[in-house]
Amino acid sequence: MPNELLHKFEYASYTKYLIFISFIAGLAFLIFSGQQPEPTKNFVIALLVFATATTQLWINQPKSFSRSSRLLLVFGTMFVQIAVTKGLLLLCNSGTFGFLKPEAGVLIAPYALAPLVMSVLLGRNHGLYAAVFVSVWGSILFGKIDAPLLLCGWISGFTAVYLTLQVRRRSKLIRAGFGVGLAIWVLGLTFGQIGPINWFSPMANDWAMIGIQSALAFGNGIVTAMVVGGALPILEHLFQITTDISWLEGSDLNHPLLRRMTIEAPGTYHHSLVVANLAEAAGEAIGANATLCRVCSYFHDVGKLVKPEYFTENMNFERNPHDDLAPTMSALIIIAHVKEGVDLALKHKLNQQIIDVIQEHHGTSLVFYFYKRALQQHEDARAGGKIMKMREDDIPEVREESFRYSGPKPQTKESAIISLADMVESASRSLEKPTPQKIEQLVTELIAQRISDRQLDECDLTLGELRIIAERFRFTLMTMLHTRIAYPKPDSKAGTPRDDVLRPDVMAASKKPASAPPVSAA
């Protein structure tokens, strides 16, 4: 019930109208408060800019516009920046602090606050959007449009977005803050907010004041970055957004589920690591979120912890448990690892995007090995039934739906990449003497098979991106499956036959039984 209520508020039109009205009311308060000429004219300008901003967001970012939480984040962050800018400019004009002169307001306005937050949380397009419109609103707070304030806002905002295109460590935010401070300092020198400086008579300059003004400019960018860095965890939690910083923190292999996997399902653990390498390389090649691909790959098969011995990569040499089961029951166990993975993920409070990948990484694909086995048994039963003079109606039909995963199909590029990487890695284990030609043929056939089975219909991968993904898979698999030369033993003599055939196979206990299904069956 709470989730349904939140979903209703998230996409309800009246929630959006409430956000827009609140933002307009806030702008009116900031513009009409204080002594400034022509506040009504400025408010009309602000309304026109608001109409342009909402239209721009609706056209270029329809997904964000459709969600009330995203609108609240975008317009709420921009309003906070405008309000702080208004307060700091009033402080400079009040003369409360001697070193904060009216012209110092341009140096201490937090131009990068909204662009930094938007760029890190929602991406560079949202960051540029915030930089453009928040600077325009901030420049009309005190009457006529303040050109230096507007240009400082634009250039500082663009600098902040450029320096945070891919933030994987919080220290990069500080570097971005330093870059913003440098931009403000250069613009301050250009527009005369720092100085004045007499380059022909250096001794006549007030270097102490110039030093304070320079410190304010650099401090502005650095303090803004520190505030954003501190606020990010709170904003991520409130708005259910995961940044690359959090994904990187979530890639710790000491997570309890992964530690369990190393002990209880070591084959699945190794499989997940290889899938992570494949998915990350492919995601980076097409511009998807590579860090998300890696972390979600670690957990995509976590459901196999419930019955690890039923999956080929974890079977020992002595016994194949599927020998004692009907194909329908075997398929049921294999398919159930998705639901069991979701249950474990919810129990350990994993990120919702990880849960989505667990649900989607098999889509509605067919457990082909056991389906074929069931068809063969059905044919054998029909042949035997004719001898026994049994009616065909007494022999149960094999329904393909019973051997398909319940889905849903991959909904995002990252989920589709992980799905393909999982399939390719599993199938590559069955290659004997892998060569570049065999690997290329395998990858091409498997991806074509997923396309023909319509498993990629609901994600936005293009054919061009699938070609790039296939190339990255081929390259990564070739580097992992290459053979090594056999080094001679130090005491061996030339011409002496090697006695490898006489030595016991120390890995025999870890090999799968002959009757085990192929790894790709799961």
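All of these numbers come straight from a predicted model, not from anything done at the bench. Worth knowing before you read on, the calculation uses all heavy atoms, side chains too, and leaves out hydrogens, waters and symmetry mates.
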Taking atom types as modelled, find out whether T15 and E10 have a side-chain donor-acceptor pair closer than 3.5 angstrom.
no
Going by atom types alone, do H361 and S419 pair a side-chain donor with an acceptor below 3.5 Å?
no
What distance do R67 atom CZ and Y11 atom OH have between them, rounded to the nearest 0.5 Å?
4.5 Å
Table please: side-chain donor-acceptor pairs of residues 255-266 below 3.5 Å, with sequence neighbours left out.
unit_1 : atom_1 : unit_2 : atom_2 : d
H255   : ND1    : L257   : N      : 3.1
R259   : NH1    : N254   : OD1    : 3.3
R260   : NE     : E264   : OE2    : 3.1
R260   : NH2    : E264   : OE1    : 3.1
T262   : OG1    : R259   : O      : 2.6

Using only heavy-atom distances, determine whether the side chains of S119 and T164 contain a donor-acceptor pair under 3.5 Å.
yes
State, with a plain yes or no, whether a side-chain heavy atom of S428 is found less than 4.5 Å away from one of I439.
no
May I ask you to say whether K347 pairs ionically with D343, meaning some side-chain N is under 4.0 Å from a carboxylate O?
no
Taking the side chain as C-beta and beyond, is there a heavy-atom pair between Y111 and N220 under 4.5 Å?
yes
Salt bridge (Lys or Arg N to Asp or Glu O under 4.0 Å) partners for R170, two or more places apart
E249
Side-chain donor-acceptor pair present, E236, T243, cut-off under 3.5 Å:
yes
Within 6.0 angstrom of R124 CZ, more than 12 heavy atoms from elsewhere:
no
Is the shortest side-chain N to carboxylate O distance from K304 to E313 below 4.0 Å?
yes
What's the spacing between D324 CG and M329 CE if we round to 0.5 Å?
12.5 Å
Do Q449 and E445 have a side chain donor and acceptor closer than 3.5 Å?
no
Applying side chain to side chain donor-acceptor pair (under 3.5 Å), run through T364 and Q455 and close with a yes or a no.
CA-CA 7 Å; T364 58; Q455 296 301 314; 3.0 Å; yes
Distance in Å, I155 CD1 paired with T159 OG1, rounded so as to fall on 0.5 Å steps
7.0 Å
How long is the span from the OH atom in Y129 to the CG atom in L122, to the nearest 0.5 Å?
11.5 Å
Can you tell me if K16 has over 12 outside heavy atoms packed within less than 6.0 Å of its NZ?
yes
When you compare the side chains of N289 and D244, does any donor N or O come within less than 3.5 Å of an acceptor on the partner?
yes
Validation row: T412, S415 side chains within 4.5 angstrom (heavy atoms):
yes
How far does CD of E425 sit from CG of L278, to the nearest 0.5 angstrom?
7.0 Å
All N/O donor-acceptor pairs, side-chain side in residues 352-359, below 3.5 Å, sequence neighbours left out:
unit_1 : atom_1 : unit_2 : atom_2 : d
Q352   : NE2    : D356   : OD1    : 2.9

What is the minimum heavy-atom distance between Y371 and L366, and which atoms define it?
CD2-CD2, 3.6 Å
Return yes if a side-chain donor-acceptor contact under 3.5 Å exists between D301 and T268, otherwise no.
no
Taking atom types as modelled, find out whether R294 and Y298 have a side-chain donor-acceptor pair closer than 3.5 angstrom.
yes
Within 6.0 Å of OH in Y162, more than 12 heavy atoms from elsewhere:
no
Salt bridge (Lys or Arg N to Asp or Glu O under 4.0 Å) assessment of E360 paired with K409:
CA-CA 5 Å; E360 298 168 6; K409 297 176 182 178; over 6 Å; no
d(S402 OG, R404 CZ) to nearest 0.5 Å is 11.5 Å
Distance only, no hydrogens: is a donor on one side chain within 3.5 Å (strictly under) of an acceptor on the other, for T476 and N277?
no
Any ion pair linking R450 and D453 (charged N to carboxylate O, less than 4.0 Å)?
no
Parallel, tilted or perpendicular for H300 and H271, by the 30°/60° rule?
tilted
